[in-house]
Every structure is written in C-alpha cells, then in structure tokens.
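This one's a predicted model, so the numbers in the text were calculated from it and none came from an experiment. Just the heavy atoms: all of them, side chains too, but no hydrogens, waters or symmetry mates, feed the values below.
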Amino acid sequence: MTKRGETAISPTREEDYSEWYQQVIKASDLAERSAVRGCMVIKPWGYALWENIVDALDAMFKATGVQNAYFPLFIPLSFLKKEAEHVEGFAKECAVVTHHRLEKAPDGGLVPAGLLQEPLVIRPTSETIIGDSFSRWVSSYRDLPILINQWANVVRWELRPRIFLRTSEFLWQEGHTVHAAPEEAVERALLMLDIYARLAEEYLAMPVIKGRKTASERFPGAVDTFSIESIMQDRKALQAGTSHFLGQNFAKASGIKFQNTDEKEEFAWTTSWGSSTRMIGGLIMTHGDDDGIILPPRVASAHAVLLPIYRSLEEKTDVMIYAESLAKELRGIRYHDAPLRVVIDDRETGGVRNWIWIKKGIPLRVEIGPRDIAQNAVYLGRRDKKSSDKFSIKREAFVGSITQLLDEIQKNLFERALSYRNAHTITLDDRDGFYAFFTPKNADQPEIHGGFALSHWCGSQDCESKIKEDLGVTIRCVPFENAPQNGSCIGCGKPSNERVVFAKAY
RNA sequence: CGGGGCGUGGCGCAGUCUGGAAGCGCGCCUGCUUUGGGAGCAGGAAGUCGGAGGUUCAAAUCCUCUCGCCCCGACCA
C-alpha cells in the first residue's frame with residue numbers, strides 16, 4: 001500500500017499512535033489477533049523474538065540458583081479464597097472452568113455438562129497453587145531457600161486488550177521463592193528486579209527506572225512491589241517487569257512454615273516476580289519507527305538477511321553460491337555466546353523484498369549482487385540508519401566486524417531511547433505546570449504529550465488519587481536512585497523529601 | 001460496564017444520506033518485458049457487503065434486533 005517517499009507504516013506515530021502500533025505488528029509479522037477476543041497468535045517472527053528473551057532471562061535466573069518447575073493451569077477456587085487481598089485484586093478478571101464435558105444439545109449443538117464439584121480457576125498467577133506445594137516442601141530452615149521459576153501462560157480476562165501489551169492470555173515467567181528471613185527475601189526480590197533491568201537495558205535496549213511502587217500500585221497481597229519502568233514513544237510509561245516481597249502474607253495463607261534454628265516454628269518469607277510477552281510490546285514502542293519495528297541485535301529473531309540480486313539464471317547461480325557460502329561463514333561466528341542468526345531471502349529481486357525486511361526490523365540487510373561479487377564485497381543496510389543509507393563493504397571486513405557492528409546497533413538503539421527519555425523527563429515543582437504538562441492541547445484528538453514528571457509527593461494516597469482522577473497520571477515508582485531533596489508535594493504543597501516519577505501508564 | 005467510531009475480496013477504502021447489475025487502490029496468480037531503492041504492460045482469481053429478521057417488484061443502502069472490532073474511561077503485567 002505504501003509508495004515511494006512515504007513511510008512503510010501508515011498512519012505514522014505522530015498521526016495515530018495506537019493505530020500505528022497495530023499496523024507495525026501486522027507489517028512486521030510478529031503476531032495477529034485470534035478468533036478469541038483478547039488473545040493473540042504469536043507468529044514465527046514474533047515467537048523467535050520471545051524465545052531469545054526467554055533464553056536470556058532463563059540463563060540469568062539459573063545463574064542465581066533458580067530452578068524451573070511447572071505447576072497446574074487450574075487452580076481450585078478454594079485456594080484463591082485463602083488470601084483475601086490477593087483474591088480481590090484478581091477476582092474481576094478470572095476465567096473459571098465449571099464443567100468437564102460436552103454433550104449434544106437438542107438443537108444439534110454442544111453444551112457443557114458434567115458440573116465440577118469445585119470450580120477451577122485458570123491461573124491469573126500462581127502464588128496460591130505454588131504456595132500449596134511449598135507448604136509441603138518446607139519443614140525446616142534447612143529446606144530454605146526455595147528458588148523456583150515457571151514458564152507458563154496465564155489468563156486475565158481483560159476488558160480492553162491490546163496485542164502484546166494487555167492480552168487475555170499471555171506468556172510469562174513467574175518466579176516464586178521462599179526464605180527463612182525477611183532480609184533475604186527482600187534481597188532476592190531486588191536481585192530479580194536487577195535481572196529484569198539487565199534484560200531490558202542490555203538485551204532489549206530499553207532504558208528503565210528501577211523503583212518501588214506506592215501502596216496503591218502494589219501487587220495485591222504484597223508487602224512491597226518493585227518494578228522497572230520504561231518510557232514509550234507516546235511518552236506513556238510501561239511497567240516491563242515486577243518483583244514482589246510478599247512478607248509472610250502468602251506463607252500464612254498457604255501454610256508455609258518451617259522450624260528455625262531455635263526449634264521454633266515460623267512462617268516463611270516469600271517473593272514472586274514476573275515478566276511477560278508484554279515486553280515485546282515495550283520493545284515495539286521503544287524502538288519502532290514509521291517504517292516498522294527495529295529489533296535490537298541481542299534478541300533479534302534473526303541478525304541478518306542476505307538478499308541475492310540477479311537478472312539472469314546464471315547470475316542467480318553465482319550469487320546464490322556466494323550467498324550460501326557467506327551465510328555459512330556468518331553462522332559460524334558467535335555473537336554473545338550463540339551463533340549468528342542469518343537468513344537468505346532469494347525471492348524475487350526488487351525493492352519490495354527490501355522493505356519487507358525493514359518492516360520486520362532485522363538489524364542488517366545484506367545485498368549481494370554481481371557487482372559485489374566482483375569486488376568480493378556486500379552492500380549493507382542497517383536498520384538503525386535511514387533505509388537509503390547503505391554502503392559497500394568488503395566481505396572480509398564485513399565478516400570480521402559484524403559482531404562489533406551489531407553491538408554498535410545495539411548501543412545506538414539504547415542511546416537513542418535514553419535520549420528520548422531524557423528529552424521527555426522533566427522536573428516539575430509547580431502544580432499548574434504539572435497539570436499543563438499532562439493536559440493535551442486538543443482534548444478531542446489528544447496529541448502525543450506529557451512524559452515522565454519528577455515531582456515531589458507527600459506520601460498521601462489522597463494526593464495520588466486526586467492526580468490520577470484529574471489527569472489519568474499515576475506514580476510509576478519511587479526510584480531507587482533518588483537523591484534526597486526537600487520540596488513540597490505537587491498535589492497539596494506539604495513537605496516532601498524526595499521526587500517520584502509521575503506518568504500516564506499502560 | 002459507560003461514552004464515541006467502525007464492520008463491503010488478503011489489506012486499505014468508495015458506494016449508504018436519495019434503494020435499481022458490487023466497485024477502486026494495493027496485494028495475489030499467469031505471461032512477457034524489467035531488475036543495485038518500493039518496476040511496467042496484458043490477462044486472471046477472489047467478496048452470501050459482520051449476522052438474523054423485516055419493509056419492498058428490488059436492500060450494501062431503509063427499519064428492528066444481534067455479534068464483533070477500534071478509541072476514550074474504569075481495571076491491569
């Protein structure tokens with residue numbers, strides 16, 4: 001649909017950000033919506049990306065002693081009742097299985113039959129069912145800590161789904177740990193948050209702010225919730241990973257008790273931490289441009305595509321031999337401990353094919369034609385540069401420098417995202433300025449506006465909810481790296497000793 | 001669940017007000033010519049106009065009901 005001179009994605013981010021997001025996903029072939037409302041089909045190009053994220057996270061988890069396990073999809077309703085606050089947080093979005101059979105209906109259709117004695121809730125998260133196991137796994141302080149992670153799907157019945165960002169079913173990992181001491185549990189929760197931050201920054205090239213959630217934004221049932229927050233190109237914040245210190249709340253609910261060194265029985269201290277396919281949404285909205293997604297090399301579904309260019313069959317033969325040998329050579333190179341992922345696309349030559357790969361966000365496009373072969377070179381395009389900004393490079397130099405090149409792209413993307421965040425992070429001390437910052441100029445057709453506002457907050461939930469009510473702006477987190485500073489609350493003017501991050505959020 | 005918008009080949013849309021043979025662009029298929037920045041020409045396939053009911057000689061168009069999607073709000077990773 002796009003023509004020369006236009007952007008590959010229409011509308012542009014500026015024109016209609018939400019629609020741009022949908023179109024980018026379609027154009028990049030990452031995923032599509034399914035017949036079931038709120039659910040998505042993750043297509044191979046998107047799933048490869050997810051697998052790379054999974055591999056990176058999984059390795060980091062295991063390096064800290066975490067082991068993988070798997071717990072059931074179905075949670076007995078009675079389990080959820082155990083932790084009142086927790087239930088309240090999720091009750092509104094639970095899918096419930098009530099029958100275990102289908103029978104022929106009089107009209108020829110099928111109807112559910114075989115009513116279950118106890119309804120089963122499809123896990124919205126697994127604290128309760130894992131807690132049930134943990135209660136049996138733990139009896140002594142010698143059994144602790146328990147460090148478990150599971151890769152799974154969960155279901156939260158969403159009212160307003162948005163592909164990757166908020167789907168009714170999504171893929172994630174949920175870690176659950178049990179400790180003998182609260183300090184140790186907090187330390188674990190923070191350690192896992194660090195891993196999320198590393199994943200975001202080093203792999204997804206998404207700069208994040210680590211911090212603590214305010215009481216109102218806390219996970220239901222948690223004592224403390226930590227998160228990483230990232231800015232999207234519409235200047236809204238995305239929570240890309242959370243880690244919770246659950247205190248003894250869930251241990252009490254599930255009966256996770258142990259005998260300590262003083263021979264006394266006490267409830268254990270637990271944590272849970274999760275990150276999901278939502279991160280892919282964040283990736284798209286952090287790096288994508290009006291020509292499609294841009295995949296950071298560390299997690300890219302593929303690093304390079306070789307694009308043979310030829311006129312005749314003889315040329316094709318020569319070009320393909322060259323391309324195959326180059327692909328083989330590249331695949332022998334290791335990039336951050338894994339072989340380079342290289343694909344050859346020998347479909348019809350011409351510009352369309354080139355644009356397909358731009359839209360898919362592949363870091364490197366490697367054109368190979370007779371001219372290049374004659375010079376023993378390739379013609380290279382980088383996704384982090386303008387699409388027309390291509391250059392010739394000797395094959396040997398290319399092969400020798402590709403890993404540095406990918407790292408450079410990775411770094412570029414991160415720095416670009418960081419400078420975007422810096423450009424849209426503002427320190428605000430007056431209430432009027434704060435309200436102006438978060439108010440669109442055109443209320444009917446809000447333009448991209450706002451950003452991260454660093455402002456003082458007195459700590460009162462009233463001020464927080466007033467601002468949320470007025471502007472739809474919430475406190476994303478109280479950053480860990482925060483210089484103490486005296487000021488007055490942006491809401492009520494009362495004294496405050498540190499700034500928090502205000503933003504509209506996904 | 002409240003407010004707004006939209007459902008017409010794979011994608012994007014026109015046609016609906018004022019009823020009268022289902023169209024356009026892109027994509028797809030075939031052939032020829034092309035080919036290092038989104039190729040050209042010729043031919044072709046593909047739509048029960050979201051669904052059901054009604055009005056009418058005649059419905060994409062009018063009426064009633066219904067389903068779905070998108071945006072804003074509430075909720076959420």
Side-chain angles (χ1 to χ4, degrees), chain A residues 1-8 10-11 16-19 21-23 26-27 32-33 35-38 88-94 124-125 154-174 196 213 216-217 219-220 225 227-230 237-244 272-282 291 307-312 315-316 319 348-359 365 367-374 377-381 386-392 440 443-446 468-469 472 474 504-506:
Chain A
M1 198 34 206
T2 51
K3 297 194 178 71
R4 195 188 302 254
E6 290 180 3
T7 56
S10 170
D16 186 344
Y17 194 81
S18 296
E19 184 59 23
Y21 179 76
Q22 312 259 114
Q23 293 304 325
K26 194 180 290 184
E32 63 187 23
R33 26 187 81 268
V36 182
R37 181 186 145 80
E88 212 171 302
F90 285 104
K92 283 165 286 184
E93 48 189 22
C94 285
T125 178
V154 286
V155 168
R156 296 179 190 175
W157 212 262
E158 288 297 341
L159 302 176
R160 245 181 81 190
R162 206 159 174 220
I163 200 156
F164 283 121
L165 288 175
R166 204 186 302 108
T167 45
S168 292
E169 179 194 14
F170 56 90
L171 305 184
W172 80 342
Q173 60 66 218
E174 50 179 320
Y196 292 148
K213 286 292 191 184
S216 67
E217 298 280 328
F219 177 73
T225 290
S227 74
I228 53 172
E229 301 286 333
S230 180
L238 185 82
Q239 178 177 316
T242 52
S243 185
H244 317 287
S272 70
W273 23 279
S275 63
S276 71
T277 38
R278 170 178 249 205
M279 286 187 297
I280 294 175
D291 288 330
L307 302 167
I309 290 160
Y310 49 85
R311 293 163 217 251
S312 60
E315 274 187 359
K316 180 175 182 180
V319 169
E348 94 291 354
T349 56
V352 172
R353 184 182 57 175
N354 204 27
W355 280 98
I356 287 170
W357 289 99
I358 290 172
K359 287 186 277 193
R365 304 184 309 280
E367 295 179 20
I368 299 165
R371 270 188 245 156
D372 305 298
I373 296 177
V378 298
Y379 208 65
L380 193 63
K386 277 208 323 236
S387 65
S388 57
D389 200 359
K390 295 189 290 193
F391 59 96
S392 182
D444 296 329
Q445 199 123 45
K468 184 176 180 184
E469 209 174 298
T474 50
K504 293 191 177 172
Y506 274 99

Could you give the [atom1]-to-[atom2] distance, from [X] to [N], as a whole number of Å?
X: Arg311(A); N: rU34(B); atom1: CZ; atom2: P; value: 10 Å
X: Lys316(A); N: rG36(B); atom1: NZ; atom2: P; value: 17 Å
X: Glu32(A); N: rC11(B); atom1: CD; atom2: C1'; value: 13 Å
X: Tyr17(A); N: rC71(B); atom1: OH; atom2: P; value: 13 Å
X: Arg156(A); N: rC76(B); atom1: CZ; atom2: P; value: 11 Å
X: Trp355(A); N: rA39(B); atom1: CH2; atom2: P; value: 11 Å
X: Arg365(A); N: rG36(B); atom1: CZ; atom2: P; value: 15 Å
X: Arg353(A); N: rG27(B); atom1: CZ; atom2: P; value: 16 Å

Should we say atom CD of Glu32(A) is surrounded by more than 12 heavy atoms from elsewhere, each under 6.0 Å from it?
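Counting neighbours around CD of Glu32(A), more than 12 heavy atoms of other residues, nucleotides or ligands fall under 6.0 Å, so yes.
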
Does [X] reach a base, just sugar-phosphate, or nothing at all? Heavy atoms under 4.0 Å.
X: Asp372(A); answer: base
X: Tyr506(A); answer: base
X: Thr167(A); answer: base
X: Lys26(A); answer: sugar-phosphate
X: Leu238(A); answer: nothing
X: Gly369(A); answer: base

Pairwise [atom1] distance, [M] and [N] [rounded to whole Å]:
N: rA22(B); M: rU8(B); atom1: C1'; value: 8 Å
N: rC65(B); M: rG3(B); atom1: P; value: 15 Å
N: rG25(B); M: rC62(B); atom1: C1'; value: 30 Å
N: rA45(B); M: rC26(B); atom1: C1'; value: 16 Å
N: rU56(B); M: rC28(B); atom1: C1'; value: 39 Å
N: rG12(B); M: rC71(B); atom1: P; value: 14 Å
N: rU30(B); M: rC24(B); atom1: C1'; value: 23 Å
N: rC63(B); M: rG5(B); atom1: P; value: 15 Å

[N]: pairing nucleotide in any strand, Watson-Crick or G-U under 3.5 angstrom:
N: rG31(B); result: rC41(B)
N: rG53(B); result: rC63(B)
N: rC69(B); result: rG5(B)
N: rG47(B); result: none
N: rG19(B); result: none
N: rG12(B); result: rC24(B)

For [Y], is there any backbone N or O sitting under 3.5 Å from a side-chain donor or acceptor partner on [X]?
X: Tyr379(A); Y: Arg365(A); result: no
X: Thr277(A); Y: Phe170(A); result: no
X: Glu217(A); Y: Lys213(A); result: no

Between Glu367(A) and Pro161(A), whichever has its closest RNA chain B nucleotide further toward 5' is Glu367(A)

For Trp172(A) and for Ser312(A), find the nucleotide of RNA chain B with the closest heavy atom, then tell me which residue's nucleotide is more 5'.
Ser312(A)

Is the positively charged end of Arg162(A) above the ring of Tyr21(A), judged by distance under 6.0 angstrom from the centroid and angle within 45° of the axis?
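Satisfied, under 6.0 Å and within 45°.
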
To the nearest 0.5 angstrom, please state how far the CG atom of Asp291(A) sits from the NZ atom of Lys386(A).
11.5 Å

Minimum heavy-atom separation for Pro124(A) to Phe90(A), with atom names?
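Heavy atoms only, the tightest pair is CB-CD2, 3.8 Å.
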
Correct closest heavy-atom pair for Leu238(A) and Gly282(A) would be CD2-CA, 3.4 Å

Please list, for nucleotides 72-75 of chain B, all pairs of protein and nucleotide N/O atoms separated by less than 3.5 Å.
{"unit_1": "rC72(B)", "atom_1": "OP2", "unit_2": "Arg160(A)", "atom_2": "NH2", "d": "2.3"}
{"unit_1": "rG73(B)", "atom_1": "N7", "unit_2": "Arg160(A)", "atom_2": "NH1", "d": "3.4"}
{"unit_1": "rC75(B)", "atom_1": "OP2", "unit_2": "Lys468(A)", "atom_2": "NZ", "d": "3.2"}

Short side-chain N/O contact from Arg162(A) to OP1 or OP2 of rC76(B), under 4.0 Å
no

Apply side chain to side chain contact (heavy atoms under 4.5 Å, CB included) to Glu169(A) and list each qualifying residue two or more places apart in sequence or on a separate chain.
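Side chain to side chain contact (heavy atoms under 4.5 Å, CB included) check on Glu169(A) returns Cys39(A), Asn153(A), Val155(A).
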
Compute whether any side-chain donor of one residue and acceptor of the other, for Thr167(A) and Glu158(A), lie under 3.5 angstrom apart.
no

